[in-house]
Amino acid sequence: MDFIHLINLISVGTFGIILSAAFCDIFWTKQKCLIMTGSMAAVFIIQGIIYFFIDMDLVEYLYPLITHLPLTVVLCVLKRKWLWPFASVLTAYLCCQLRRWLALLVTALFAGDAAMQNLTELILTLPILLILLRFIAPSVRLAARYPSSVQWQFALVPALYYGFDYLTRIYTKLLLEGALVAVEFMPFVCSAAYLLFVVRISEERRVRNRLEQMQGVMNQQMEQAVREIEALRELQKKTSVYRHDLRHHMQYLSNCIENEQFERAQEYMRGICSEIEANKVKIFCENEAANLIFTAFDRRTKDYGIPIKISAGIPQVVPLSESDLCVLLSNALENALHACQRLKEKGLPGTIEVLAYEENKKIFMQFINSCGTEIIFDHGIPVTDNPGHGIGVHSICAIVNRYKGIYAFSVKDNKFILQVILNCKTRFPSKRERQIQTE
């Protein structure tokens, strides 16, 4: 009987150590495997000395000190972190309950004794271990990549069970004596853990839905900005064609003048001039993409009767990609335009001012627009309860943060002010530049 019990002790120790290592997110090199194997052998030697030469029952009492603590320390050294190795050991201990409870079930069904329980546990060890290694361990390791707050939540139930098991079953007999506070404790933990799980899942689902919504809107804004740029480039090409065809226009006008068809010539010239003017891209700065965006919004504001003043000195090479520059400018100008449109609907005047320039290898941008309603700020960022609104602000913040820049939102004298600073040294290579470097 003692032999089966001893073999079962070795099997459960091996079971727990292997699971702890498998649950811990460690890249297992040959050296680390040797360290882990040597540590496991040392633990078994210490257990054997206590079992054979001191007291058999003392092994169970000292198990946290002679097994779990050294195992946690070794995993902490190998991973160079302490929280997740601690959680891995506790989770592996919790999984030991699977083989123990199944053995108790078999023993109860067949009216067996302690020997049957030990033998059943021994038989179940390998199949359960293989199942856990194959289907559970990969998912447990993924939890190691979550923030510390999530890792603490993950370790909470195994930690509570660990303390409960030793306090009520090994160090005392509260559970065997049927003390209600002990009997009802783990059902209470399961209920609380389930409720926390539901709250956590619901919160993550809300955050995920919001992120998906923001991503969808940002993708639409990106596509809209790209379409606007392409449309303006087409207009620019048409203007180039008009310039190329100038000789033909001059020949037609010359024929009209020779035939004294002066009114026809004037009408023709007015038509050509209006077409060229309509298709012309205004030059605000050296940057082509910025000129296209500024031109598009200059036309839109004029269509709505909203004065806009653009003073731009954006260089051709800027610290962000062309698409990000377009999204940044489009969102800032779109928000300013919408604010002025709301004022105009109320019969109030609205203006937009844009200032952009380069100085000391930094790009400074400032967007000022009239605002009528009180703006609510959360940690310096304007927020709104209107569905579908506020995405542009988050898009601006995300782009500026991506390039390690600075942004600031403020309101002064009924003017909403957005200021952006980008460091030219932090420019990321474009997709095309990365392709050229690869080639």
Side-chain angles (χ1 to χ4, degrees), residues 12-29 31-33 35-37 39-40 43 63-101 128-168 185-212 214-215 379 398 401:
V12 72
T14 306
F15 180 90
I17 291 173
I18 293 175
L19 269 188
S20 299
F23 288 163
C24 200
D25 188 27
I26 296 176
F27 179 73
W28 289 101
T29 62
Q31 182 182 8
K32 291 181 179 179
C33 290
I35 293 173
M36 193 67 199
T37 303
S39 303
M40 185 167 64
V43 167
Y63 212 82
L65 292 177
I66 63 176
T67 304
H68 298 144
L69 181 59
L71 178 59
T72 304
V73 171
V74 171
L75 292 176
C76 288
V77 172
L78 294 178
K79 186 171 174 58
R80 297 182 179 178
K81 293 182 180 179
W82 70 271
L83 177 55
W84 192 249
F86 173 73
S88 299
V89 173
L90 292 176
T91 305
Y93 183 84
L94 181 64
C95 291
C96 293
Q97 176 65 18
L98 296 173
R99 59 191 290 282
R100 190 169 76 185
W101 187 86
I128 293 177
L129 178 61
L130 293 176
I131 292 173
L132 292 174
L133 291 176
R134 175 67 178 85
F135 299 104
I136 306 301
S139 299
V140 174
R141 286 194 297 269
L142 287 177
R145 303 174 188 177
Y146 285 96
S148 298
S149 59
V150 179
Q151 294 184 32
W152 275 113
Q153 293 178 24
F154 184 92
L156 181 62
V157 172
L160 289 173
Y161 172 74
Y162 185 89
F164 170 81
D165 196 40
Y166 270 91
L167 290 175
T168 63
F185 179 73
M186 285 313 296
F188 161 75
V189 170
C190 291
S191 301
Y194 175 77
L195 295 176
L196 289 174
F197 172 78
V198 171
V199 172
R200 182 77 185 184
I201 290 296
S202 301
E203 181 63 25
E204 287 188 356
R205 183 70 260 176
R206 284 194 294 270
V207 172
R208 185 182 295 274
N209 289 338
R210 178 165 176 77
L211 290 176
E212 289 176 353
M214 289 177 61
Q215 184 65 41
H379 296 89
N401 288 333

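Predicted model only: the values in this text are computed from it and were never measured. Any value given below was found using the heavy atoms of this structure, including those in side chains, with hydrogens, waters and symmetry copies removed.
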[X] side chain near [Y] side chain, heavy-atom distance below 4.5 Å:
X      : Y      : result
Val77  : Ile35  : no
Phe15  : Ile128 : yes
Leu19  : Ile136 : no
Gln153 : Leu196 : no
Thr168 : Met186 : no
Leu90  : Leu94  : no
Thr91  : Val157 : no

Looking at Arg205, I'd like to know if its CZ atom is crowded, meaning that more than 12 non-hydrogen atoms belonging to other residues, nucleotides or ligands lie closer than 6.0 Å.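 Check passes, neighbour count above 12.
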State whether the number of non-hydrogen atoms from other residues, nucleotides or ligands found under 6.0 Å of Trp28 atom CH2 is greater than 12. yes
Drop me the distance from [X]'s [atom1] to [Y]'s [atom2], to the nearest 0.5 angstrom.
X      : Y      : atom1 : atom2 : result
Trp152 : Phe86  : CH2   : CZ    : 6.0 Å
Trp84  : Arg141 : CH2   : CZ    : 11.0 Å
Leu83  : Cys76  : CG    : SG    : 9.0 Å
Leu98  : Leu132 : CG    : CG    : 6.0 Å
Leu156 : Tyr161 : CG    : OH    : 15.5 Å

Mind checking whether Tyr93 and Tyr166 have ring centres under 6.0 Å apart?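 Under 6.0 Å, so yes.
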Please step through side chain to side chain contact (heavy atoms under 4.5 Å, CB included) for the pair Met36 and Ile17, ending with a clear verdict. CA-CA 9 Å; Met36 193 67 199; Ile17 291 173; 3.7 Å; yes
Side chain to side chain donor-acceptor pair (under 3.5 Å) contacts touching residues 66-83 (sequence neighbours left out): Gln47-Thr67, His68-Tyr162
Partner of Val74 by side-chain contact (heavy atoms from CB on, under 4.5 Å), out of Ser39, Ser20, Cys24: Ser39
Between Val43 and Ile66, which heavy-atom pair has the shortest distance, and what is it?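 Between these two residues, the closest heavy atoms are CG1-O, 3.6 Å.
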Which pair of heavy atoms, one from Gly16 and one from Cys96, lies closest together, and at what distance? CA-SG, 4.5 Å
